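Shown below is the structure under consideration.
What you see is a predicted model; the values in this text were computed from it and never measured. Positions are given from 1 along the sequence. Hydrogens, waters and symmetry mates are skipped; everything else that's a heavy atom, side chains included, is used.
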Amino acid sequence: MTKFQKAVSVCMSLCFFVILAVLPGQFFFRENVYRQLPLYCFLEEKAASAPPAQDRETYEKIVSANGAYLGEKIRQEQLRVKRLREESKMSLPEEQGIETAVLPHPVIDLSPEKLADREYLLNQFFVEDAATEAFPGLLNAARFLEKKMDIKQDASAPQILIYHSHASEAFADSREGVQGDTIVGVGSRLAQILKEKYGYHVIHIKEAFDMAGGTLDRSKAYDYAGEFLTSFLEKNPSIEVILDVHRDGVPEERRLVTEINGKKTAQVMFYNGISYTKKQGKVHYLPNPYIEDNLAFSFQMEYQAAQYYPDFYRCIYLAGYRYNLHFRPKSMLLEVGAQNNTVQEAKNAMEPFAELLNKVLQG
């Protein structure tokens with residue numbers, strides 16, 4: 001090794017220890033620091049290729065510029081992390097047994113360029129049912145993100161309605177005859193968090209629309225639920241958000257579970273009916289003036305999930321019919337886990353879901 005190369009090596013080591021002194025205890029001191037050191041890489045290449053006779057003054061200027069660059073980058077990162085932590089504490093104070101939000105850590109590209117790519121949206125956010133397809137112009141991320149989804153800050157009247165078209169859906173360890181072990185119990189947990197932590201006025205309907213007449217009949221459940229909603233919303237016009245909470249069904253070998261805040265948590269899926277099938281095109285007998293609003297609501301939820309809990313959401317599933325999403329612009333059909341999840345995994349999912357919903361509803 002030449003004298004010049006030794007000098008560079010020593011200088012680089014000193015710079016590294018300076019960084020460690022500036023960043024005590026920071027979790028990103030290895031990968032994130034190296035990721036932000038383009039001039040460091042430049043110096044390494046110079047040390048390997050530069051001849052011993054290189055001008056010393058030039059070399060010292062490069063080292064000085066590198067140190068200034070690192071210092072500024074570190075300062076900016078510290079300020080950014082501090083700001084995010086302060087904002088997180090301000091918007092999500094800790095309350096009884098409910099975890100606060102984590103900082104954003106997206107694992108997919110959320111840049112405007114990528115979100116403008118229809119194929120990228122279909123690969124990363126949406127799944128089309130075999131009987132339908134997203135007709136031209138339907139999927140527009142920029143338009144979805146621009147839509148205002150915030151609601152009035154007045155909890156004196158009902159704001160959010162939670163119900164279950166398929167109220168009898170249960171989980172792997174559900175006890176027979178115990179309503180709290182079905183999807184209704186999951187809805188109760190969601191209602192509790194939205195009321196106690198976020199201060200919303202929530203109504204939770206526990207009626208079993210799939211058990212009309214005393215026997216299980218899910219084929220007519222949406223009709224029965226629709227009749228109920230028509231009458232109920234006439235009496236409660238202040239309701240702005242409608243959540244139909246379900247449990248999915250998957251092959252037994254597949255497990256829809258992740259870990260959030262140290263808890264095993266069922267994964268969720270947003271389910272959107274677009275009143276459009278490949279066979280007949282637009283389904284005219286199922287009109288929905290809010291298809292784009294419904295999609296924007298789901299997309300904004302998934303966009304937030306992609307930043308805060310990337311392993312939590314599965315996709316936005318596009319199906320051909322309507323599923324009672326036409327009653328309000330902010331209507332959503334949510335699938336929580338599947339038949340082989342436990343009751344607790346499904347209930348745990350309501351904490352991150354409520355957090356993400358609050359972010360969207362707060363604008």
With the side chain counted from C-beta on, respond yes when Val127 and Ile316 share a heavy-atom pair under 4.5 Å apart, and no when they do not.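 Val127 vs Ile316: side chains apart.
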How long is the gap from CG on Leu229 to CD on Glu234, to the nearest 0.5 Å?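 These two atoms lie 11.0 Å from each other.
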Could Lys152 and Asp154 be called an ion pair, given the rule that one side-chain N must be under 4.0 Å from one carboxylate O?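 Salt bridge flag = no for Asp154 with Lys152.
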Side-chain heavy atoms nearer than 4.5 Å, only ILVMFWY residues, links allowed to pass through others: does that put Tyr200 and Ile162 together?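 The answer is yes; both residues are in one hydrophobic cluster.
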Compare all side-chain heavy atoms of Val336 with those of Arg247 and state whether any distance is below 4.5 angstrom.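 No, side chains not in contact.
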Looking only at atom types and distance, does a side-chain atom of Thr132 sit under 3.5 Å from a main-chain N or O of Tyr276, one as donor and one as acceptor?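 Side chain of Thr132 to backbone of Tyr276: a pair is present.
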Find out if a path of hydrophobic residues (ILVMFWY) with successive side-chain heavy-atom gaps under 4.5 Å connects Leu356 to Ile108.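 As far as the 4.5 Å side-chain criterion goes, Ile108 and Leu356 are connected within one cluster.
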Tell me if a side-chain donor or acceptor on Asn236 pairs with a main-chain N or O of Leu233 at a distance below 3.5 Å.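 Pair absent, no side-chain N/O of Asn236 close to backbone of Leu233.
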First locate atom CD of Gln304, then atom CD of Glu302, and finally report the distance between them rounded to the nearest 0.5 Å.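 Going from CD on Gln304 over to CD on Glu302, the span is 11.5 Å.
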Does any part of the side chain of Asn341, heavy atoms only, come nearer than 4.5 Å to the side chain of Phe171, both counted from C-beta?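 Yes, close enough: below the 4.5 Å cut-off.
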Dump the intermediate steps for side-chain contact (heavy atoms from CB on, under 4.5 Å) on Val178 and Glu176, then the final yes or no. CA-CA 6 Å; Val178 179; Glu176 188 173 354; over 6 Å; no
Is NZ or CZ of Lys359 both nearer than 6.0 Å to the six-membered ring centre of Tyr308 and within 45° of the ring axis?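 Positive - Lys359 is close enough to the ring of Tyr308 and near enough to its axis.
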Of the non-hydrogen atoms in Ala167 and Ala208, which two are nearest, and what is the gap between them?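 Looking at all heavy atoms of both residues, the shortest contact is CB-CA, 3.6 Å.
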Short side-chain to backbone donor-acceptor contact, Asp244 and Ser165, under 3.5 Å: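 A pair under 3.5 Å: yes.
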Calculate, to the nearest 0.5 Å, the distance between atoms CE and OG belonging to Met332 and Ser298 respectively.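 The OG atom of Ser298 is 4.0 Å from CE of Met332, to the nearest 0.5 Å.
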Between Tyr317 and Phe270, ring centroids under 6.0 Å: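 No, ring centres 6.0 Å or more apart.
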Is there a side-chain contact between Thr277 and Glu133 in this structure, where contact means two heavy atoms from C-beta onward sitting under 4.5 Å apart?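 Side chain of Thr277 against side chain of Glu133, heavy atoms only: no contact under 4.5 Å found.
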Return yes when atom CZ of Arg175 has more than 12 non-hydrogen atoms of other residues, nucleotides or ligands closer than 6.0 Å, and no otherwise.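 No, not enclosed.
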Check whether Gln124 reaches the backbone of Leu121 with its side chain - one donor and one acceptor, N or O, closer than 3.5 Å.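 Checking the backbone N and O of Leu121 against the side chain of Gln124, no donor-acceptor pair under 3.5 Å is found.
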Any chance the rings of Phe144 and Phe299 have centres within less than 6.0 Å?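 Yes: the rings meet the under 6.0 Å criterion.
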Under 3.5 Å, is there a donor-acceptor pair linking the side chains of Ser168 and Asp210?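 A donor-acceptor contact under 3.5 Å links the two side chains.
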Shortest non-hydrogen contact from Gln153 toward Leu361: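 Heavy-atom minimum between the residues: NE2-O, 4.4 Å.
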Show, in sequence, the C-alpha distance, side-chain angles and deciding distance for Lys235 and Ser231, and conclude whether the side-chain contact (heavy atoms from CB on, under 4.5 Å) test is met. CA-CA 7 Å; Lys235 299 173 184 176; Ser231 174; 3.8 Å; yes
From the options Gln192, Arg189, His164, select the one residue that forms a side-chain hydrogen bond (donor to acceptor under 3.5 Å, both in side chains) with His204.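 In the set Gln192, Arg189, His164, the residue that makes a side-chain hydrogen bond (donor to acceptor under 3.5 Å, both in side chains) with His204 is His164.
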Provide the closest heavy-atom pair for Gly320 versus Val283 in the form atom of the first, atom of the second, distance.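 Nearest heavy atoms, Gly320 then Val283: O-CG2, 3.9 Å.
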Can you name the nearest heavy-atom pair linking Lys206 to Val184, along with the distance?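 Smallest heavy-atom distance, with atoms named: CG-CG1, 3.7 Å.
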For the residue pair Phe312 and Tyr309, categorise the inter-ring angle as parallel (less than 30°), tilted (30 to 60°) or perpendicular (more than 60°).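 Judged by the thresholds at 30° and 60°, the geometry between Phe312 and Tyr309 is perpendicular.
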Quick check: do Val241 and Leu161 have side-chain heavy atoms less than 4.5 Å from each other?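 Of all side-chain heavy-atom pairs linking Leu161 with Val241, none is under 4.5 Å.
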Pairing donors with acceptors under 3.5 angstrom, does anything connect the side chains of Asn288 and Asn294?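 A pair is found: one side chain offers a donor N or O, the other an acceptor, under 3.5 Å apart.
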Using ring centroids (six-membered ring only for Trp), state whether Tyr323 and Tyr271 fall under 6.0 Å.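 Here the rings of Tyr323 and Tyr271 have centres that are less than 6.0 Å from each other.
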Does this structure show an ion pair linking Arg255 with Glu345, if we count only N-O contacts that are shorter than 4.0 Å?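 Looking at Arg255 and Glu345, the cut-off is met.
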One pair to check against side-chain hydrogen bond (donor to acceptor under 3.5 Å, both in side chains): Gln339 and Glu169. What are the steps and the verdict? CA-CA 8 Å; Gln339 81 284 353; Glu169 291 174 331; over 6 Å; no
Between the side chains of Tyr120 and Asp109, does any donor sit under 3.5 Å from an acceptor?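 Tyr120 vs Asp109: no donor-acceptor pair found between side chains.
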Is the closest side-chain heavy-atom distance between Val202 and Gln159 below 4.5 Å?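 The answer is no; the side chains never approach within 4.5 Å.
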Check: His166 ring centroid to Tyr222 ring centroid under 6.0 Å: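 Here the rings of Tyr222 and His166 have centres that are less than 6.0 Å from each other.
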Got more than 12 heavy atoms from elsewhere within 6.0 Å of CZ, Phe327?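 Yes, because the 6.0 Å sphere around CZ of Phe327 holds more than 12 heavy atoms from other groups.
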Sidechain-backbone polar pair: Ser238 side chain, Pro158 backbone, donor-acceptor under 3.5 Å: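 Yes, the answer is positive, given that a donor and an acceptor are paired below the 3.5 Å cut-off.
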Can you check whether Leu325 reaches Tyr290 side chain to side chain, under 4.5 Å on heavy atoms?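 A side-chain contact under 4.5 Å is absent here.
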Look at Lys197 together with Glu355 and state whether they make a salt bridge at an N to O cut-off of under 4.0 Å.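 Here Lys197 does not pair with Glu355 in a salt bridge, since their nearest N and O are not under 4.0 Å apart.
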Thr265 side, atom OG1; Gln344 side, atom CD - distance, nearest 0.5 Å: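 Rounded to the nearest 0.5 Å, the OG1-CD separation comes to 9.5 Å.
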For the NZ atom on Lys264, are there more than 12 heavy atoms of other groups (residues, nucleotides or ligands in this structure) within a distance under 6.0 Å?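 Counting neighbours around NZ of Lys264, 12 or fewer heavy atoms of other residues, nucleotides or ligands fall under 6.0 Å, so no.
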Before giving the answer on side-chain contact (heavy atoms from CB on, under 4.5 Å), spell out for Asn324 and Phe209 the whole-Å C-alpha distance, their side-chain angles and the decisive distance to 0.1 Å. CA-CA 13 Å; Asn324 288 329; Phe209 297 107; over 6 Å; no
If you round to the nearest 0.5 Å, how far is OG1 of Thr258 from CG of Asn348?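 Those atoms lie 11.5 Å apart.
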Taking Arg328 for the side chain and Ile239 for the main chain, is one N or O donor matched with an acceptor at less than 3.5 Å?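 Yes, the answer is positive, given that a donor and an acceptor are paired below the 3.5 Å cut-off.
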When you look at NZ of Lys278, are more than 12 heavy atoms from neighbouring residues, nucleotides or ligands closer to it than 6.0 Å?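 Atom NZ in Lys278 is packed in, count exceeds 12.
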Ignoring hydrogens and geometry, is there a side-chain-to-backbone donor-acceptor pair from Thr182 to Gln179 under 3.5 Å?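 Yes, the answer is positive, given that a donor and an acceptor are paired below the 3.5 Å cut-off.
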Can Phe228 be reached from Ile183 by stepping across I, L, V, M, F, W or Y side chains whose heavy atoms are under 4.5 Å apart?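 Different clusters.
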So which atom in Asn340 and which in Arg254 form the shortest heavy-atom distance, rounded to 0.1 Å?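 Result for this residue pair: ND2-O, 2.7 Å.
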Nearest heavy-atom pair of Ala212 and Tyr224: which atoms, and what distance?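 Taking every non-hydrogen atom into account, CB-CE1, 3.3 Å.
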For Met301, run the side chain to side chain contact (heavy atoms under 4.5 Å, CB included) check against Val360, Leu334, Val268 and tell me which one passes.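 With Met301 as partner, side chain to side chain contact (heavy atoms under 4.5 Å, CB included) holds for just one option, Val360.
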pair Glu128-Leu122: side-chain heavy atoms closer than 4.5 Å: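 SC-SC contact between Glu128 and Leu122 confirmed.
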Charged N to carboxylate O under 4.0 angstrom, Lys330 versus Asp293?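 No.
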Is it the case that one hydrophobic cluster holds both Ile160 and Phe232, taking links as side-chain heavy atoms less than 4.5 Å apart, direct or via other members?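 No, separate clusters.
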Please check if the side chain of Gln300 supplies one atom and the backbone of Lys147 the other of a donor-acceptor pair under 3.5 Å.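 Yes, because the side chain of Gln300 sits within donor-acceptor range (under 3.5 Å) of the backbone of Lys147.
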Side-chain (Glu335) to main-chain (Leu333) donor-acceptor, under 3.5 angstrom: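 No: the side chain of Glu335 does not pair with the backbone of Leu333.
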For Ser219, does its backbone N or O pair with a side-chain atom of Asp217 as donor and acceptor, under 3.5 Å?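 Such a contact is found between Asp217 side chain and Ser219 backbone.
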Could you state whether Leu110 and Leu139 fall into the same hydrophobic cluster, counting links through intermediate Ile, Leu, Val, Met, Phe, Trp or Tyr residues with side-chain heavy atoms under 4.5 angstrom apart?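 Yes: a chain of side-chain contacts under 4.5 Å links Leu110 to Leu139.
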Just how far is it from atom CE of Met269 to atom CG of Leu256, taken to the nearest 0.5 Å?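 Separation between the atoms: 8.5 Å.
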